[in-house]
Amino acid sequence: MKDTLAGFYRILEDHYGPTGWWPGDTDLEVIVGAVLTQNTAWTNVEKALENLKRDGNLTFRALVQMPERDLAQRIRPSGYFNIKAKRLKALLNHIHERYGGDLRRMRRRPLPTLRKELLAINGIGPETADSILLYALGKTTFVVDAYTRRILSRHGLTEADIGYEELKGIFETRFDVDRHFYKEFHALLVYLGKDFCRKVPRCEECPVASKYPPVISTE
DNA sequence: CACCAGGCAAGTA
DNA sequence: TACTTGCATGGT
């Protein structure tokens, strides 16, 4: 598996890299985007982020002070806007109360502690937590998403219903620990997924398919 | 028109 | 524990 993932990475990096992920000007934007993109196309998230940026509301202070109903209306294009407003409030309130809204202070705490903290917040599951930890807080933790699972499954490397932590472990134990590598690999998997590994596949042109042939129908 | 998108939590049995 | 359902907009 180690050699296979290394092979995947080389092909993807040659094809797409370097990616420069996560797309966002600030760490706060990465955090907000991580919640807004839950089960949602990124183009819709961009519209919501633009609504916040336009009037200077993409700051920690503005978001903490903004009433939940107002926030919900501003993030409306990202879908699930009522529940996402509640989730953002819960997350930002936590950072406000525990760290005074200071991400540098938050960053000093160890990874396992921060991960448990984030997962305890209503609306923050494993993917959202790991995205924030890796891309906003600079922690060395791998992000698993729907594309990661679908790509490995379609190429016959894992079961389609493999659990989050187990799949994460495959990436984290088989490679040298390096957060830059984790950032880039996850980004590359998303690029490949968007282009060739959607639910309706286009395996013919997949750059990985020649060396790692897709399995016909295992999902 | 139907289906899908970088999840997550609450409800049911 | 293991499944199912609600949440909602915008693109294809």
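Proteins get letters first, then strands, A, B, ... in listed order; numbering begins at 1 in each.
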Salt bridge A/Arg115-A/Asp130, side-chain N to carboxylate O under 4.0 Å:
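Yes, this pair counts.
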Do [X] and [Y] come within less than 4.5 Å of each other through their side chains, counting heavy atoms only?
X: A/Leu92; Y: A/Phe60; value: yes
X: A/Val45; Y: A/Val32; value: no
X: A/Phe8; Y: A/Val208; value: yes

Regarding A/Ile151, tell me which of base, sugar-phosphate or nothing describes its non-hydrogen contacts under 4.0 Å with the strands shown.
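Nothing: the residue A/Ile151, judged by heavy atoms under 4.0 Å, touches no strand.
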Whole-Å distance between [N] [atom2] and [X] [atom1]?
X: A/Arg149; N: B/dC8; atom1: CZ; atom2: P; result: 10 Å
X: A/Asn39; N: B/dC4; atom1: CG; atom2: P; result: 12 Å
X: A/Lys199; N: B/dA2; atom1: NZ; atom2: P; result: 17 Å
X: A/Ile124; N: B/dA9; atom1: CD1; atom2: P; result: 8 Å

### Query
Between A/Phe142, A/Tyr135, A/Trp21, which is the residue that forms a side-chain contact (heavy atoms from CB on, under 4.5 Å) with A/Lys183?
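Testing each of A/Phe142, A/Tyr135, A/Trp21 against A/Lys183, the sole residue satisfying side-chain contact (heavy atoms from CB on, under 4.5 Å) is A/Tyr135.
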Q: Could you tell me whether the side chain of A/Glu29 and the main chain of A/Asp25 form a donor-acceptor pair under 3.5 Å?
A: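 It does hold such a pair.
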Determine whether a donor-acceptor pair (N or O, by modelled atom type, separation under 3.5 Å) exists between the side chain of A/Arg105 and the backbone of A/Arg98.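 Checking the backbone N and O of A/Arg98 against the side chain of A/Arg105, a donor-acceptor pair under 3.5 Å is found.
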Using heavy atoms and a sub-4.0 Å distance, could you list which residues of residues 188-196 of chain A are near DNA chain B? By number, please.
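Heavy-atom contacts with DNA chain B come from A/Val190, A/Lys194.
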Where along residues 41-55 of chain A does a heavy atom fall under 4.0 Å from DNA chain B?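 Heavy-atom contacts with DNA chain B come from A/Ala41, A/Trp42.
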What does the list of N/O pairs under 3.5 Å between the protein and nucleotides 10-13 of chain B look like, with a distance for each?
residue: B/dA10; atom: OP1; partner: A/Asn122; partner atom: ND2; Å: 3.0

Can you tell me, in whole Å, how much space there is between the P of B/dC3 and that of C/dT5?
->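 Their P atoms lie roughly 15 Å apart.
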Show your reasoning for whether side chain to side chain contact (heavy atoms under 4.5 Å, CB included) applies to A/Ile170 and A/Thr158.
CA-CA 10 Å; A/Ile170 288 175; A/Thr158 57; 3.9 Å; yes
**Prompt:** Mind checking whether A/Tyr191 and A/Tyr16 have parallel, tilted or perpendicular rings, split at 30° and 60°?
**Reply:**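 The arrangement is perpendicular - the two ring planes meet at more than 60°.
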### Query
Going 5' to 3' on DNA chain C, which nucleotide is the first and which the last to come under 4.0 Å of a heavy atom in chain A?
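The footprint of chain A covers C/dC7 to C/dG11.
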Is there a residue in residues 71-85 of chain A whose heavy atoms reach under 4.0 Å of DNA chain C, and which residues are they?
->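 Residues of residues 71-85 of chain A under 4.0 Å from DNA chain C: A/Arg76, A/Pro77, A/Gly79, A/Tyr80, A/Phe81, A/Asn82, A/Ile83.
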query = Between residues 127-139 of chain A and DNA chain C, which residues have a heavy-atom gap below 4.0 Å?
reply =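 Per residue number, the list is empty: none.
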For A/Tyr212 against A/Asp3, the heavy-atom pair lying closest together |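 Shortest heavy-atom contact: OH-O, 4.0 Å.
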